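Please read all numbers here as calculations on a predicted model, not as lab measurements. Throughout, residue positions are numbered sequentially from 1 according to the sequence presented.
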Amino acid sequence: MARAKLPPEILAHLEWLGFVQPTGLVVSAPALVKANAILDRRDVQGQMLLKECVAERTGVAAEEPESYNVPDFETFARRVLGWGFSPKYYAGTTESPMPSELEIALPEYGDTLRADYAVREPDRKEGGSSWQLLVRVLEPDQDIDRVTRGSGRLETSEHGRMERLLRQTGVLAGLISNGERIRLISAPRGESSGWLDFKVPYMLTTAGRPICAAMRLLLSENRVLGVSRQERLTALLEDSRKYQNEVSERLAEQVLHALYELLRGFQAADDARRGELLREQLRERPDEVYHALLTVLLRLVFILYAEERDMLPEDETFVRHYSIASLHERLRGDAALYPDTMDQRFGAWAQLLALYRMVHDGASAEGMHLPERHGVLFDPDRFPFLEGRTSVGARQVHERIDPPLISDGTVFRVLEKLLVLDGERISYRALDVEQIGSVYETMMGFRLETAHGRSLAIRPAKRLGAPVTIDLEELLTVASDKREKWFVERTDRKPAAGVKQAMKAATALEELHAALDPLVDRDATPDIVPPGSMVLQPSEERRRSGSHYTPRQLTGPIVRTTLEPVLARLRGQNGEPPRPQQILDLKVCDPAMGSGAFLVESCRQLADALLESWEYHDLKPELPPDEDEVIFARRLVAQCC
């Protein structure tokens with residue numbers, strides 16, 4: 001339903017982005033539309049120009065879809081993208097060779113990182129790069145992702161070499177072509193990288209026409225040189241990352257809805273056991289149930305983040321039978337085929353429990369190895385009732401456990417909230433650390449209660465607030481002229497005139513329900529909650545303050561103002577930068593830390609100072625293989641400061 005409300009221009013971009021499945025963040029549909037990059041889905045001319053540039057691959061049957069590639073990049077760029085290769089704007093040609101500023105020497109490896117072509121920035125902004133795109137042309141069919149070892153080269157893939165070249169030269173975008181695919185890479189200095197592939201064979205098909213049109217829209221000479229600076233490729237990439245702030249806030253809201261969904265799932269599982277599953281917790285430690293549900297969601301977010309960053313095994317058995325991504329795809333297929341029985345089938349929850357155990361205790365089988373991590377987050381004994389156990393004594397692997405009956409429908413709806421936004425798959429790879437922290441912050445500040453009478457959740461007045469569940473039976477006993485006061489005291493919101501009048505006139509619970517219907521938060525309570533059910537109530541502090549994502553546009557200047565005088569005192573008599581150890585000896589404390597946004601920004605800025613110090617004092621350390629120097633500096637600062 002959400003997708004249908006989006007403008008057609010955004011839906012067109014979501015369509016081709018869904019086909020190419022970007023890794024991380026490259027471009028976002030809203031940023032494309034903002035830059036007047038409107039997709040022409042009927043770009044037949046682009047396909048015809050592409051067909052003129054391709055050649056049949058030897059050794060591949062002509063009827064195979066992979067039987068064509070682009071043998072000559074320059075011809076492709078001239079005909080399909082309209083590049084003129086003018087010496088004024090392009091480098092890498094006979095008339096304009098590649099400048100030395102775009103080469104990065106790696107003496108420790110006896111290697112040099114360089115591109116084959118580059119596109120200049122016609123009117124760069126202050127402090128920006130003079131170049132907006134680097135191009136690397138590989139041999140036909142050379143694997144972009146295969147790691148090259150030996151022969152005196154940096155042991156990394158061509159993709160890894162391009163990312164490192166982009167970050168160290170400060171150029172925002174890179175292009176790699178091996179004939180079969182054109183890969184666009186966005187790798188801002190010190191931020192998460194992202195990339196997407198335009199596959200030549202697929203772009204030649206009728207279904208691939210929008211992808212071919214999108215490639216020309218992004219990489220044509222008009223886009224890199226002809227339009228205003230605010231609409232060029234680099235501005236598109238930068239604006240797309242700014243839209244991540246909006247994604248973070250909306251994701252946090254959806255994760256809160258997932259928390260309510262999980263609560264309803266455990267309520268049903270407890271009912272199925274006639275109250276035995278959570279009896280002890282609800283009687284003695286009700287908030288333990290809330291903390292357990294919070295832990296489940298944090299586990300899911302952690303694993304989704306780790307999966308997209310290739311931190312978990314890539315063994316086929318693990319990917320197909322244990323990964324959350326494969327579980328989500330299976331449940332999505334089941335929901336399409338058997339929508340009416342999703343809440344009558346079980347098994348997904350047991351798979352999640354097995355995955356949690358594997359992450360905590362480790363696992364090895366043939367080519368798959370997952371090291372043990374232990375720690376609090378995945379500890380099975382912390383909340384044994386998540387596995388259906390009543391105590392920690394049954395954790396031995398030879399003892400049978402009886403998982404609670406959390407339906408596949410519940411697990412599917414939770415994963416949908418975590419993975420899909422406006423019909424588009426959320427990229428956890430593209431989220432910064434503080435954006436993940438904002439998800440955690442949104443779920444904090446609740447307490448778990450048991451409803452005394454039939455109840456409903458009322459939407460918060462503040463945009464990022466939390467719903468409050470009220471007892472309709474109690475409200476009905478309040479005198480008509482005092483109901484508004486009772487309502488305001490419990491919900492912190494003033495009802496509209498129509499709601500107030502209907503609430504005052506209600507004489508039965510059904511009438512009261514109808515009166516409050518415009519204010520009901522259906523993500524928290526889709527229907528009336530019966531007595532004895534679990535409900536989440538925001539704490540007083542939560543109701544007063546709400547939860548807010550702190551963007552870098554706010555943390556940046558505040559942290560800079562704080563650190564500048566500290567770093568200034570460490571500078572030498574002639575104004576030279578502090579020594580590296582002086583920076584690493586600093587200690588930063590944020591006593592009111594929420595999601596850690598200010599500490600993360602402090603880490604960034606101190607790392608920048610450390611990089612300047614290394615460069616000035618010629619004390620640059622030897623980086624680990626395939627390690628970005630900015631990330632390396634931040635790691636040191638995080639460990640020491």
**OP:** State whether the number of non-hydrogen atoms from other residues, nucleotides or ligands found under 6.0 Å of Tyr322 atom OH is greater than 12.
**Re:** no
Original post:
Would a 4.5 Å heavy-atom cut-off, applied to side chains only, mark Leu297 and Val414 as touching?
Top reply: yes
Original post:
For Leu17 and Pro22, which heavy atoms make the closest approach, and how far apart are they?
Top reply: O-CD, 3.2 Å
Subject >> Flag side-chain contact, heavy atom, 4.5 Å: Phe412 against Arg332 >> reply: yes
Original post:
Under a 4.0 Å N-O cut-off, is there an ion pair linking Arg447 with Glu449?
Top reply: yes
Subject >> Partners meeting side-chain contact (heavy atoms from CB on, under 4.5 Å) with Arg279 (sequence neighbours left out) >> reply: Glu276, Arg283
Original post:
What residues, two or more places apart in sequence or in another chain, satisfy side-chain contact (heavy atoms from CB on, under 4.5 Å) together with Gln254?
Top reply: Lys417, Leu421
Original post:
Ala348 and Asp408: which non-hydrogen atoms are nearest, and at how many Å?
Top reply: N-OD1, 3.1 Å
Original post:
Among Leu293, Leu294, Val411, which one satisfies side-chain contact (heavy atoms from CB on, under 4.5 Å) with Leu262?
Top reply: Leu293
Original post:
If you look only at pairs with a residue in residues 476-515, which of them pass as a ring pair (Phe, Tyr, Trp, His ring centres under 6.0 Å), with sequence neighbours excluded?
Top reply: none
Subject >> Pro565 versus Thr561, closest heavy-atom pair with distance >> reply: CD-O, 3.2 Å
Original post:
Quick one: does Val27's side chain get under 4.5 Å of Leu237's, heavy atoms only?
Top reply: yes
Subject >> Residues that Ser228 engages under side-chain contact (heavy atoms from CB on, under 4.5 Å), provided they are two or more places apart >> reply: Gln230, Glu231
Original post:
Can you find a pair of side-chain heavy atoms, one from Thr341 and one from Tyr338, that are under 4.5 Å apart?
Top reply: yes
**OP:** Answer whether the closest heavy-atom distance between the side chains of Glu387 and Pro380 falls below 4.5 Å.
**Re:** yes
Subject >> Separation of Ser455 OG from Leu472 CG (nearest 0.5 Å) >> reply: 6.5 Å
Original post:
Which residue pairs pass the salt bridge (charged side-chain N to carboxylate O under 4.0 Å, His left out) test with at least one member in residues 288-298, sequence neighbours excluded?
Top reply: Arg285-Glu288
**OP:** Calculate, to the nearest 0.5 Å, the distance between atoms CG and CG belonging to Leu259 and Asp523 respectively.
**Re:** 12.0 Å
Subject >> From CA spacing to verdict: side chain to side chain contact (heavy atoms under 4.5 Å, CB included), Met443, Leu298 >> reply: CA-CA 10 Å; Met443 298 185 291; Leu298 292 177; 3.9 Å; yes
**OP:** Starting at OH of Tyr260, measure out to CG of Asp521 and round the result to the nearest 0.5 Å.
**Re:** 6.5 Å
Original post:
Can you list every salt bridge (charged side-chain N to carboxylate O under 4.0 Å, His left out) pair that touches residues 19-34, not counting sequence neighbours?
Top reply: Lys34-Asp239
Subject >> Nearest heavy-atom neighbours spanning Val529 and Ser533 >> reply: CG1-CB, 3.2 Å
Subject >> side chain to side chain contact (heavy atoms under 4.5 Å, CB included) between Arg634 and Arg604, worked out >> reply: CA-CA 6 Å; Arg634 289 178 182 175; Arg604 290 193 185 101; 3.6 Å; yes
**OP:** Can you sort out the partners of Arg264 under side chain to side chain donor-acceptor pair (under 3.5 Å), two or more places apart, ordered by chain and number?
**Re:** Glu261
Original post:
Any side-chain heavy atom of Met444 within less than 4.5 Å of one from Ser539?
Top reply: no
Original post:
Which heavy-atom pair separates Val255 from Leu418 by the least distance, and what is that distance?
Top reply: CG2-CD2, 3.4 Å
**OP:** Decide side-chain hydrogen bond (donor to acceptor under 3.5 Å, both in side chains) for Thr507 and Glu511; before the verdict, give the C-alpha distance in whole Å, the side-chain angles of both, and the deciding distance to 0.1 Å.
**Re:** CA-CA 7 Å; Thr507 58; Glu511 295 176 0; 3.1 Å; yes
Original post:
Listed by chain and number, what are the side-chain contact (heavy atoms from CB on, under 4.5 Å) partners of Ser427, not counting sequence neighbours?
Top reply: Glu308, Arg429, Ala430
**OP:** Could you check Tyr428 against Val301 for side chain to side chain contact (heavy atoms under 4.5 Å, CB included), going step by step and ending with a plain yes or no?
**Re:** CA-CA 8 Å; Tyr428 278 78; Val301 170; 4.0 Å; yes
Subject >> Over 12 foreign heavy atoms within 6.0 Å of NE2, His452 >> reply: no
Side-chain donor-acceptor pairs of residues 324-331 under 3.5 Å, sequence neighbours excluded:
{"from": "Ser326", "atom 1": "OG", "to": "Val319", "atom 2": "O", "distance (Å)": "2.8"}
{"from": "Ser326", "atom 1": "OG", "to": "Arg320", "atom 2": "O", "distance (Å)": "3.2"}
{"from": "Ser326", "atom 1": "OG", "to": "Ser323", "atom 2": "O", "distance (Å)": "2.9"}
{"from": "Ser326", "atom 1": "OG", "to": "Ser323", "atom 2": "OG", "distance (Å)": "2.9"}
{"from": "His328", "atom 1": "NE2", "to": "Glu416", "atom 2": "OE2", "distance (Å)": "2.7"}
{"from": "Arg330", "atom 1": "NH2", "to": "Gln351", "atom 2": "OE1", "distance (Å)": "3.3"}

**OP:** Mind checking salt bridge (Lys or Arg N to Asp or Glu O under 4.0 Å) for Arg273 and listing every partner two or more places apart, or none if nothing turns up?
**Re:** Asp402
Subject >> Where Met311 and Arg373 come nearest, the two heavy atoms and their spacing >> reply: O-NH2, 3.9 Å
Original post:
When rounded to the nearest 0.5 angstrom, what is the spacing between CD1 in Ile426 and CG in Leu304?
Top reply: 9.5 Å
Only pairs under 3.5 Å count here: list side-chain donor-acceptor contacts from residues 495-506, not counting sequence neighbours, and write none if there are none.
none

Subject >> Leu456 side, atom CG; Asp471 side, atom CG - distance, nearest 0.5 Å >> reply: 10.0 Å
Original post:
Rounded to the nearest 0.5 Å, how far apart are CG of Leu563 and CG of Leu586?
Top reply: 8.0 Å
**OP:** Answer whether the closest heavy-atom distance between the side chains of Leu448 and Val535 falls below 4.5 Å.
**Re:** no
**OP:** Please step through side chain to side chain contact (heavy atoms under 4.5 Å, CB included) for the pair Leu512 and Leu475, ending with a clear verdict.
**Re:** CA-CA 9 Å; Leu512 189 58; Leu475 177 56; 3.8 Å; yes
Original post:
Any sub-3.5 Å donor-acceptor pair from His13's side-chain atoms to Ala37's backbone N or O?
Top reply: yes
Subject >> Lys/Arg-Asp/Glu bridge criterion (N-O < 4.0 Å) met for Glu253, Arg250 >> reply: no
Original post:
Under 4.0 Å between a Lys/Arg side-chain N and an Asp/Glu carboxylate O for Arg454 and Glu474?
Top reply: no
Original post:
Side chains of Val296 and Tyr356: closer than 4.5 Å at any heavy-atom pair?
Top reply: yes
**OP:** Keeping the roles fixed (side chain from Arg493, backbone from Arg459), state whether a donor-acceptor pair exists under 3.5 Å.
**Re:** yes
**OP:** Not counting sequence neighbours, list each pair that qualifies as a salt bridge (charged side-chain N to carboxylate O under 4.0 Å, His left out) and has a residue in residues 342-355.
**Re:** Asp334-Arg345, Asp343-Arg413
Original post:
Just by modelled atom types, is the Leu236 backbone N or O under 3.5 Å from a matching donor or acceptor in the Ser240 side chain?
Top reply: yes
